[in-house]
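Notes to accompany the following structure.
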Amino acid sequence: MDANILFHSECDFTLSKQDTRSRWIINSIINESKRVGELCFIFCTDEYLLEKNIQFLDDDTYTDIITFDYCEGDIVSGDVFVSIERVTENANAFGVDFVDELDRVLIHGVLHLAGYQDKSKEEAGVMREKEDFYLSLRS
């Protein structure tokens, strides 16, 4: 596993193919003309992520991902919290494979750190196109 990309679990989940995912994430960041800093992906439960959402964002709603941006200049760094329960539920709701949904959420967090937003309809469209593009580059 690359030293710049860390995967940690606060729940009963172990990410497979960590080295492959690290390379994919690094290549995606480089493709965005950014440099890779320290990235930590934390896998957790809905309740764990809800607590973070309330504590840090004053938002009392469930979500699949929260990204904390520590970027400086063109160096992409941050903590990306991912609810495995929410990813599972979304995969089922959208009729997609769990791994595909998980990777979409991971790259979504990376894209936020690379400067992309998704508040407006236009921004969300660009974000979805970028997600699809990087998902197509997975090994």
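Heavy atoms only: backbone and side chains are in, while hydrogens, waters and symmetry mates are out.
Hydrophobic clustering of Ile, Leu, Val, Met, Phe, Trp and Tyr side chains at less than 4.5 Å, counting indirect connections, unites Leu15 with Ile84. Both Ile107 and Phe7 are assigned to one and the same hydrophobic cluster, defined by single-linkage of ILVMFWY side chains at heavy-atom distances under 4.5 Å. Linking Ile, Leu, Val, Met, Phe, Trp and Tyr whenever their side-chain heavy atoms come within less than 4.5 Å leaves Tyr70 and Ile29 in two separate clusters. Residue Leu106 is not grouped with residue Ile66 when hydrophobic side chains (ILVMFWY) are merged at heavy-atom distances under 4.5 angstrom, including chains of intermediate members. Cluster annotation: Phe94 is not connected to Met127 through the hydrophobic network of ILVMFWY side chains, with a link wherever side-chain heavy atoms come within less than 4.5 Å.
What you find for Gly37 and Ser77 is that their closest heavy atoms are CA-OG, 3.3 Å. Closest non-hydrogen pair, Ser83 versus Thr45, comes out as OG-C, 3.8 Å. Of all heavy-atom pairs between Phe98 and Ala91, the closest is CA-CB, 3.9 Å. Nearest heavy-atom pair across Leu49 and Ile65 is CD2-N, 3.9 Å. Pairing each heavy atom of Ala114 with each of Lys34, the nearest pair is O-CE, 3.3 Å.
The number of heavy-atom neighbours closer than 6.0 Å to CD of Gln55, taken from other residues, nucleotides and ligands shown, is above 12. Counting non-hydrogen atoms of neighbouring residues, nucleotides and ligands closer than 6.0 angstrom, the CG atom of Asp58 reaches no more than 12 such neighbours.
Going from atom CD of Glu38 over to atom CG of Asp79 covers 10.0 Å, rounded to the nearest 0.5 Å. Here CD of Glu10 is found 14.5 Å from CD of Glu47. Values are rounded to the nearest 0.5 Å. For the atom pair Asn4 CG and Ile25 CD1, the distance stands at 11.5 Å (nearest 0.5 Å). For the atom pair OG of Ser28 and CG of Leu135, the computed distance is 8.5 Å after rounding to the nearest 0.5 Å. From Ile42, atom CD1 reaches atom NE2 of His8 across 7.0 Å, with rounding to the nearest 0.5 Å. Between the CD atom in Glu85 and the OG1 atom in Thr88 there is a gap of 8.0 Å [rounded to 0.5 Å].
Side-chain contact between Leu113 and Leu39: present, with at least one pair of heavy atoms (C-beta onward) separated by less than 4.5 Å. When side chains are defined from C-beta on, Arg138 counts as touching Asp100, because their heavy atoms get closer than 4.5 Å. Counting heavy atoms from C-beta on, the side chains of Arg86 and Tyr62 come closer than 4.5 Å. Counting only heavy atoms from C-beta outward, the side chains of Leu137 and Asn27 never approach each other to under 4.5 Å. At a threshold of 4.5 Å between non-hydrogen side-chain atoms, the residues Phe41 and Ile5 count as touching. In this structure the side chain of Asp69 never reaches within 4.5 angstrom of the side chain of His112, judged on heavy atoms. Between Asp132 and Arg104, some side-chain heavy-atom pair lies under the 4.5 Å cut-off. Within the 4.5 Å cutoff, the side chain of Tyr134 has no heavy atoms near those of the Val110 side chain.
Side-chain atoms of Glu32 and Tyr116 form a donor-acceptor pair, as typed in the model, at a separation below 3.5 Å.
Salt-bridge formation is not detected for the pair Lys130/Asp118: no Lys NZ or Arg NE/NH1/NH2 atom is positioned less than 4.0 Å from an Asp or Glu carboxylate oxygen.
A donor-acceptor pair under 3.5 Å is formed between the side chain of Arg21 and the backbone N or O of Ser16. Checked by atom type and distance alone, the side chain of Asn53 pairs as donor or acceptor with a backbone atom of Thr61 at under 3.5 Å.
Shown are Asn92, Val99, Leu102; of these, the side-chain contact (heavy atoms from CB on, under 4.5 Å) with Val87 is made only by Leu102. Paired with Phe81 under the rule ring pair (Phe, Tyr, Trp, His ring centres under 6.0 Å), one option of Phe56, Phe43, Phe68 passes, and it is Phe68.
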Using the side chain to side chain contact (heavy atoms under 4.5 Å, CB included) rule, take Val80 and His108 through it: C-alpha gap first, then chi angles, then the decisive distance, then the call.
CA-CA 10 Å; Val80 180; His108 182 89; over 6 Å; no
